[in-house]
Every structure is written in C-alpha cells, then in structure tokens.
Amino acid sequence: MKIVIIGNGPAAISAAETLRARDRGCEIVMLSRERVPFYSPCPLAEYVEGSVSRERLFLRDADFYARNAIDIRYGSPVRRIEPSARRVWSGDEAVAYDRLLIASGSRAFVPPIPGLAGARGVFELKTLGDAEGILRRLAVARRAVVVGSGFIGLEATQALVRHGLEVTLLEAREHVLPAMLDSEMAALVERRLVEHGVRVRTGCAVERVLEGADGVRAVIADGDEIPCELLVCAAGVRADLSILEGSGIASERGILVDARMRTNVEHIFAAGDIIERPDAPEKNRVAPNWPNAVSSGRIAACNMLGIDRRHPGLEAVNVVRVFDMPIASFGVQTGETCLRWQDGAGAVRKVLLESGRVAGGQLIGEINGAGVLHEMMKKGTAVERFGTHLVHPGFGYIHTMEPLRAVKWA
C-alpha cells in the first residue's frame, strides 16, 4: 500500500512514525513545501530572541527519513488533489496514492492592507524562513511594529524588545489577547507589556504600510504615522485549505473529519492544524496546537492501516508567557457563575460555570491545573461539590477522587 502524506509537521511525522511502527512494508511518500527536516515552530520567537539555538529547533535529524524508509520530497508543495484518479499534483508531477493524509497545517493570515503584502521588512513568524528573515532585518532596524496581539504577536514583541528595539503593538480589537481573555484579565497583560517598554495601542486599525528605498518605513494606523524598519504581521492563522479546490473534500474553517480522521472522500484522511473537530459538546472548532497535531496524526495513521481508533476531541487550552508571566485560557469568557481567586501579588484565576459545569477558564500568573479544568469541561463533569476550591491553584486530579474533607488546601 502506498501512503502519501502532505506536510512535514507534527501531524505528518506522528502519522509517519505510527505507520512505520505498525507496518514496515507500506510505502510512505512525504511531500514538504519547506526544504528542511522536521522542526518545531513553537520556539521560533525564542530563536529570534537568541535564547534557543537553531539546532535545537530540529526534532529529527536529516537521516530520520532514510532510517524509516520515508521518501521525503522537500520543496514540493501540493497544488491540487485529484481523488477520482487517486493522485496529487506537486508542481507538474503527479503522485499516486492508495491512502492520502492531508497534514499541510495552517498559514499566517495577511489582512488586505495596502502596502502590507510583499513589502521588504514585513514578516510573519510562522516558519523558520520567517524567523531567519527577521534576524537578518535586525541589522538595519531599531523600531518595530507588531500587528496583532495573539500568541505570535506577543511572542514576537518580547523577542524584539529583548533585541533592544522600540516596539509598538497594534491590536484592532478592544484589548490584547482578545481570543483568550476578557478585558479585565487582558488589562493585566497590557500592564506587563507597558512595564517592559512596549507601546500598546488597542482598538487601533492599520490603514496602510509605507515603504521607502530600504523597505518598510512606517505604518499608518488610525491616522497616525508610526515609523518602523521592521513589521511583524501576527493577525492570526488559518487552516490552509488552498489545495482543496475541485477535490470535493468538505471543509468549513478546517477540513471536516470524523473521529477516525476520515474526510468525506474515500481513502483521504486529514490531521493537525487543518482539521475541524469537536473540542466540547455541540461545538466544532479548529484548534491548531501541538498535542492535537500529534494525536490526530496518530489516529489517522492507525485508521489508514485499517486499525480502528477514534479521537476523543481536540485539546484547546491556550498557553502563552508574557515577559515570564504565564497565561492560560480555555472555553468561554463569560458564564452564569464566575469563581475567582487571586493572591494579591498579581496572580488571578477565573473559572466560568454554566449549569454547574465548567464552561471556561482564564488563569494569569498561576496556571497549575489548567489541564484538569479543561478535561472536566470536555467531560461535562458536575462541579458544584467543589465550591470555590475549584478555582484554587492547588486543585488537581486527586481532588476529583477524594472527599474534600481529606484535602488540605494551601
């Protein structure tokens, strides 16, 4: 059996390793749009910052593919999928398959702002190539603008500040980390940024990017001209659905898959950042993170081999660190009931409840137990019996198994 995998990220590698562990004889072809072995994009900001070396980004050596009899084809982006003929097109080459796994991941979203796309000195921070482009630009930059205050935007901001640049952070919505936090919690993060010299402007839409002889020279936002020699566009990521046109593969925000990672088209599976799956009862979403990529890749591989495995649902705990202050969130930002804990030293925790069950959480400064709370939300666990202990940073799995009278709280 010939299995073609589109991608070379965590979902693709997880699938390939699972395939090879269970079937030494199947043929595996991996089509990678990048030209380097498997690496982690998670520490790219730390690589830009200088705290992580380039070598530490790579999670498999160049010989990994040969050792596992994987035909890796670098610099081979797929342009089209042709299910009727069971083949994909990479450039002018047609690659046949018996089973196909789409694990091509997500792409940076670039808003249609005049002057933004293609300007020298403007980067995303999604790939190793992006990070290396930013590092080269640092030689001529002393001022930077970061557009977007999600994960990537905040990580890029920290890296540039630590290189000594003057950084302006622009967020079109009313507060930073709008997808993670409510306004009260976001204010704590904004204060942290300002303490480290970042100029934060929220409710501020970028209108135009100005380019000079040496590349980007300024951003026009809300009528103001903000000088810069480097711009990082961190306006979010989207599942990369560009190769689906004409394939008949169903998608909304991501490729729609069932619990076995099967698409609606026979013999085609999908995994990783590109898929859309439930992460809570009656709710579907795209949840691009490392654990989801690894688990969905593994499930897809088993089912491609005819081994019945089902995915329990995506993990959607968001975690980021802002100048050494940890932040975690999941679920909704408002609920019928809000349980609150704070230590007076800057740490604040909120757990949101609906009908006596966890519906969301926001944790700043002290994020222990975020995974436990998220698991309770996924399972729909009734939590009334825990009372305010639920929001305490000492709450963990043990407290779901023992009577509360036996638990000592710090």
Side-chain angles (χ1 to χ4, degrees), residues 41-49 51-52 106-113 116-117 119 121-131 133-135 137-138 141 143-163 165-183 185-207 209 216 219-222 226 228-238 273 286-289 318-329 333 362 364:
C42 301
L44 286 177
E46 286 84 352
Y47 171 50
V48 171
E49 179 185 304
S51 58
V52 170
S106 57
R107 58 181 172 80
F109 171 65
V110 180
I113 297 169
L116 180 62
V122 174
F123 305 91
E124 294 90 46
L125 187 50
K126 187 72 174 63
T127 68
L128 178 58
D130 296 332
I134 292 171
L135 286 170
R137 188 69 180 180
L138 290 175
R143 296 166 297 189
V145 168
V146 176
V147 178
S149 67
F151 296 96
I152 295 174
L154 293 188
E155 290 174 345
T157 295
Q158 294 170 85
L160 297 174
V161 165
R162 286 173 169 154
H163 272 288
L165 274 68
E166 299 174 14
V167 182
T168 301
L169 177 64
L170 303 179
E171 171 55 58
R173 294 172 67 178
E174 293 308 308
H175 59 76
V176 300
L177 288 175
M180 281 184 65
L181 303 176
D182 62 25
S183 59
M185 300 293 267
L188 302 176
V189 179
E190 182 173 336
R191 185 172 67 191
R192 187 79 163 189
L193 291 164
V194 171
E195 288 171 352
H196 285 79
V198 180
R199 292 180 59 205
V200 180
R201 296 185 59 176
T202 56
C204 185
V206 177
E207 299 161 7
V209 174
V216 61
V219 170
I220 304 296
D222 281 358
I226 305 169
C228 64
E229 296 79 37
L230 189 157
L231 187 152
V232 176
C233 179
V237 297
R238 303 287 188 273
D273 291 2
V286 176
N289 62 47
N318 304 304
V319 179
V320 68
R321 188 173 290 270
V322 177
F323 293 109
D324 301 320
M325 181 174 71
I327 304 161
S329 78
Q333 293 183 8
Q362 300 177 53
I364 290 183

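Bear in mind the structure is a predicted one, so any value in this text is a computation, not a measurement.
Of the inter-residue distances, the one linking Leu169 atom CG with Arg199 atom CZ reads 11.0 Å to the nearest 0.5 angstrom. In this structure, the separation between CD on Glu46 and CZ on Arg162 is 9.0 Å, given to the nearest 0.5 Å. Atom CG of Leu44 is separated from atom OG1 of Thr127 by 7.5 Å, given to the nearest 0.5 angstrom. Between atom CD1 of residue Ile134 and atom CZ of residue Arg137 there is a gap of 11.5 Å, rounded to the nearest 0.5 Å.
A donor-acceptor contact shorter than 3.5 Å links the side chain of His163 to the backbone of Val48. Between the side chain of Glu195 and the backbone N or O of Glu190 there is no donor-acceptor pair closer than 3.5 Å. Checked by atom type and distance alone, the side chain of Glu174 never pairs as donor or acceptor with a backbone atom of Thr202 at under 3.5 Å.
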Check step by step if side chain to side chain contact (heavy atoms under 4.5 Å, CB included) holds for Met325 and Ile364. CA-CA 7 Å; Met325 181 174 71; Ile364 290 183; 3.7 Å; yes
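Under the rule for a salt bridge (Lys or Arg N to Asp or Glu O under 4.0 Å), Asp130 has no partner lying at least two apart in sequence or in another chain. Checked against side chain to side chain donor-acceptor pair (under 3.5 Å), Arg173 has no partners two or more places apart in sequence or in another chain.
Residues Lys126 and Arg107 are not in side-chain contact: their nearest non-hydrogen atoms beyond the backbone lie 4.5 Å or more apart.
The shortest heavy-atom contact between Ala141 and Leu230 is CB-CB, 3.9 Å.
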Run the side-chain donor-acceptor check on residues 143-160: report pairs under 3.5 Å with partners two or more places apart or on a different chain.
residue : atom : partner : partner atom : Å
Arg143  : NE   : Glu229  : OE2          : 3.0
Arg143  : NH2  : Glu229  : OE2          : 2.4
Ser149  : OG   : Glu171  : OE1          : 2.7
Ser149  : OG   : Leu177  : N            : 3.2
Thr157  : OG1  : Gly153  : O            : 2.8
Gln158  : OE1  : Phe323  : N            : 2.5
Gln158  : NE2  : Leu154  : O            : 3.1
Gln158  : NE2  : Arg321  : O            : 2.9

